[in-house]
2 protein chains.
Amino acid sequence: MLHALLDGRALTAGELARVAGVAAPTASGHLAKMEETGLIAVVAQGRHRYFRLSGPAVARMLEAIMEVASSAPPGPRKLSVGPKEKALRHARTCYDHLAGTLGVGLADALTAAGHVELTEEAGILTEGGCAFLAAIGLNVEALKARRAARSGRILCRPCLDWSERRFHLAGALGAELCTHSLQAGWIRRLPGSRAVLVTRAGERVFREEFGLRGMVEETGVAAL
Amino acid sequence: MLHALLDGRALTAGELARVAGVAAPTASGHLAKMEETGLIAVVAQGRHRYFRLSGPAVARMLEAIMEVASSAPPGPRKLSVGPKEKALRHARTCYDHLAGTLGVGLADALTAAGHVELTEEAGILTEGGCAFLAAIGLNVEALKARRAARSGRILCRPCLDWSERRFHLAGALGAELCTHSLQAGWIRRLPGSRAVLVTRAGERVFREEFGLRGMVEETGVAAL
DNA sequence: GCGATGTTTCGGCATGGACCGAAGCATCGC
DNA sequence: GCGATGCTTCGGTCCATGCCGAAACATCGC
């Protein structure tokens, strides 16, 4: 259930029961405990109750757990779920930023262009990167509150991708990139999933501005 | 047990059984499972078997879990352990770097002097900071392999301190600072604990070089 | 109002896992 | 060699937890 909430959206108790593959009473019990201990927050809306992660700290914890879990020796258990897996690996949200092939690709492209400098431990958005992102519409000003004191540089957090085993952009910068991509219609959420779809407009932007290729998935994109 | 291993040292099965408050067979069973799943690594030495965390990813996961756990609502359960608590809050190792009042104080001092710039998401060691740390003996060269590509700046990772609720220095920089402080005799490990003691020499360095005050604890320091 | 839908509470079952004592190995000191 | 120490395996007990079905409660659409 927590994994399902990792995309930052709020899901109803029933949806969470379904994704977890348990009956409603079971899910309800777990959700009550997780809310009581502060892992998740709930907001009632009509006859639905929407649950979401209580904050970024919980998301970071889950990411850290998944990092360890995904690098564990290939035990007898397989978590692969088949058909949905492909879309998830290609592009998905990771709490508040983008992951998967798309997320890693964007991070690589920004790095190659000198817009972002990323190490295992931290990252910097360069001045050129500021200008580039502002030019394509990101609200860079909102990020500046978090910049390092003297150098004036905007720092960002790397996040290890469990499917690609590579680092992508998280933190405020990653969140803004994801938010803007959604608002600008470059990507679109697949209903009931963490996966996102790259639209035609997005494909053009990611190709022309970022230099990314092959970001459009075959299935379903024609409808967009 | 994992918490006990979080200071980066390797402990024997018996020691881990003791800190966990369980019988040897119980500890042995848990340790076997944790080793099988890759959480910990073991090295046999004579009739002892030394267990340690298998890598930084596990430490990051535990830190992330502790961050969430420490900010949980003050439930009925209390984890406070009393006498040892004070020394732990004052200065301790956190996998491979320093935490507690000392760790946070060093991070604050370096920030105030403009040697380090730290945000919630990431940090930078400035050029002045490089020079400063090199002057007091740190192996800054070893860090340079991890610097950001173009700006030449060394990045570091912030780590939320569960006792101070503030950020301190982790990552390669934090590890080097901790290692050097131990080698130079500025701090000393308290046997069988994550807590460290600030020596007279360390107190002088932390006061004169970093501008920290009150880093010597009353108890026990006279013996040094 | 009334049935339909979403959610929680209650009761009870069953599995799993946490634990320990006793015994079996391995290694150390001598 | 032999006893002492450290660790693991084995066997068995016991409690906690996960789970579900039935029923209660709340809200919606009408």
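A quick note: this is a predicted structure, and the numbers were derived from the prediction, not measured. Numbers restart at 1 for each chain; the letters A, B, ... are given by sequence-line order, proteins then strands. Atom set for the values below is all heavy atoms of this structure, side chains included, hydrogens, waters and symmetry mates excluded.
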task = Please report, rounded to the nearest Å, how far the P atom of C:dT7 is from the CD atom of A:E35.
result = 14 Å

task = Check whether any side-chain heavy atom of A:E67 lies under 4.5 Å from a side-chain heavy atom of B:M61, and answer yes or no.
result = no

inquiry  = Could you tell me if the side chain of A:F167 sits less than 4.5 Å from the side chain of A:T119, heavy atoms only?
reply    = no

inquiry  = For a quick check of understanding: with a heavy-atom distance under 4.0 Å over all strands, which category does B:A24 fall into, base, sugar-phosphate or nothing?
reply    = base

ask   = Counting N and O atoms only, with roles assigned by atom type, does the side chain of A:T93 sit under 3.5 Å from a partner on the main chain of A:D96, one being a donor and the other an acceptor?
value = no

query = Rounded to the Å, how far apart are B:H48 NE2 and C:dC25 C1'?
reply = 16 Å

Separation of C:dT7 C1' from A:Q45 CD (nearest whole Å) = 15 Å

task = Compare every heavy atom of A:R92 with every heavy atom of A:G100, then report the nearest pair and how far apart it is.
result = CA-NH1, 3.5 Å

inquiry  = Counting distance alone, no hydrogens or angles: does the base of C:dT7 have a donor or acceptor under 3.5 Å from a partner atom on the side chain of A:R47?
reply    = no

ask   = Quick one: on DNA chain D, does B:A13 or A:T26 contact a more 5' nucleotide (nearest heavy atom)?
value = B:A13

query = Is any side-chain N or O of A:R49 closer than 4.0 Å to OP1 or OP2 of C:dT8?
reply = yes

ask   = Atom CE of A:M1 and atom P of C:dT7: how far apart are they, to the nearest Å?
value = 12 Å

inquiry  = With a 4.0 Å cutoff (strictly under), does any side-chain N or O of A:S28 reach OP1 or OP2 of C:dT8?
reply    = yes

inquiry  = For a quick test of reading the model: is some side-chain N or O of B:H30 closer than 4.0 Å to OP1 or OP2 of C:dG17?
reply    = no

ask   = Separation of A:L11 atom CG from C:dG6 atom C1', in whole Å?
value = 15 Å

query = If you pin B:G46 and B:K33 to their nearest nucleotides in DNA chain C, which one's is more 5'?
reply = B:K33

message = On a heavy-atom basis, which atom in A:F206 and which in A:I187 lie closest, and how many Å separate them?
response = CE1-CG2, 4.0 Å

ask   = So, is A:T12 near the phosphate of C:dG6, with a side-chain N or O under 4.0 Å from OP1 or OP2?
value = no

ask   = What's the CG-C1' distance between B:L16 and D:dG6, to the nearest Å?
value = 13 Å

Spacing of A:L31 atom CG relative to D:dG18 atom P, expressed in whole Å = 12 Å

ask   = How close or far is atom P of D:dT9 from atom CD of B:E36, stated in whole angstroms?
value = 11 Å

